[in-house]
Structure formats: C-alpha cells, structure tokens
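Notes follow the structure.
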Amino acid sequence: MAKFASVDEYLVSLAPGTAATVRSLIEAAVAVHQDLDVKLSWNVPQVHLGKHYVMGFGPAKRHISIAPWSKDVMTMFADRIAAYDPTDNMLRVPTDWTVDTQLIADLVRARLSELSGISRPTA
C-alpha cells in the first residue's frame with residue numbers, strides 16, 4: 001500500500017462511495033469537540049485529541065473498521081453496536097453505510113470522557 005502524505009490524498013485513493021463514507025465518519029467525529037484533529041497514523045485516518053487517539057477508520061474492500069481505541073467504550077456501547085460485527089477493539093460498517101452521526105458522536109464523547117473528562121460539544 002502506498003504511503004499517503006495527507007488525509008485528502010488518502011481519501012482520493014479510495015473508491016468514491018467508500019471515500020464519502022469515511023469523510024462523513026471523520027466529520028461526525030471531529031464535530032464533537034473543537035480540539036479534535038484528524039491525521040494519518042498507520043497510514044489511515046485517525047482522530048486525535050493532542051497526543052491521544054480518539055477514533056480511527058480503516059477501510060477494507062467490503063467494510064470500514066471503526067476503532068474508538070478503548071475496550072471499555074466498546075463494552076459500554078455493546079447493545080448499540082451489536083449489528084456492526086464488533087470485536088473487543090472495533091466495529092465494522094458497510095462501505096456504503098449511512099453514518100449514524102449520533103452513534104459516532106456518542107462513541108467519541110465516551111472516549112473523550114475516558115481520556116480527560118472533556119465531553120462538551122462544539123456546536
């Protein structure tokens with residue numbers, strides 16, 4: 001796999017539908033808090049708060065993995081993510097998933113709370 005210089009360059013490399021879904025996931029995640037930043041780590045988009053990982057997105061051929069970087073967050077949302085083929089560390093959504101922005105926001109808020117007690121929305 002090629003090494004990408006930016007998130008935009010990475011998204012251009014994806015199938016258009018997958019890129020649109022990943023872009024929507026990123027937008028839903030970073031909308032939660034004004035200090036969130038998205039950058040490439042391990043050559044895939046990752047949402048950060050400072051040096052801390054908040055949520056990562058890993059597209060594959062038939063799904064997109066969403067990792068909130070916390071087994072505790074995954075456990076907390078077990079009922080809400082059960083339909084998305086969860087593991088201890090991630091859930092998988094279809095590449096053409098209509099993003100559940102509330103679920104993504106709630107996962108991000110839970111991770112932020114775990115990291116530093118920050119859970120206020122930006123809007």
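Position 1 is the first residue of the sequence, and the numbers go up from there.
The side-chain hydrogen bond (donor to acceptor under 3.5 Å, both in side chains) test applied to Ser70 returns Glu114, not counting sequence neighbours. With sequence neighbours excluded, the residues that form a side-chain hydrogen bond (donor to acceptor under 3.5 Å, both in side chains) with Ser41 are His48. The ring-ring contact (aromatic ring centres under 6.0 Å, His included) test applied to Tyr84 returns Trp97, not counting sequence neighbours.
Identified under the salt bridge (Lys or Arg N to Asp or Glu O under 4.0 Å) test for residues 56-84, with sequence neighbours left out: Arg80-Asp106. Pairs of residues two or more places apart, or lying in two chains, that qualify as salt bridge (Lys or Arg N to Asp or Glu O under 4.0 Å) and include a residue from residues 20-32 are Asp8-Arg23.
For Met76 against Ala110, the heavy-atom pair with the smallest separation is SD-CB, 4.1 Å. Residues Pro45 and Val38 share a closest heavy-atom pair of CB-CG2, 4.3 Å.
Using a 4.5 Å heavy-atom cutoff, the side chains of Phe57 and Thr21 are not in contact. Contact annotation: the side chain of Leu40 approaches that of Val7 to within less than 4.5 Å [non-hydrogen atoms, C-beta and beyond]. Taking 4.5 Å as the limit, every side-chain heavy atom of Arg92 sits out of range of all side-chain heavy atoms of Ile64. The shortest distance between side-chain heavy atoms of Ile104 and Ile66 falls below 4.5 Å. Considering only heavy atoms from C-beta on, Val54 stays 4.5 Å or farther from Gln46 through its side chain. Side-chain contact between Val93 and Asp100 is absent, with no heavy atoms from C-beta onward closer than 4.5 Å. Side-chain contact between Asp88 and Met74 is absent, with no heavy atoms from C-beta onward closer than 4.5 Å.
No continuous path of hydrophobic side-chain contacts links Met90 to Val73 [ILVMFWY only; heavy atoms under 4.5 Å].
For the atom pair Phe4 CZ and Leu11 CG, the distance stands at 9.5 Å (nearest 0.5 Å). The line from OG1 of Thr95 to NE2 of His63 is 10.0 Å long, rounded to the nearest 0.5 Å.
Screening Val32, Asp35, Val108 for a side-chain contact (heavy atoms from CB on, under 4.5 Å) with Leu49, the sole residue that qualifies is Asp35.
Counting only distance, with no hydrogens or angles, the side chain of Thr18 and the backbone of Leu14 share no donor-acceptor pair below 3.5 Å.
Trp69 shares a hydrophobic cluster with Trp42, Tyr53; the chain of contacts runs through ILVMFWY side chains whose heavy atoms sit under 4.5 Å apart.
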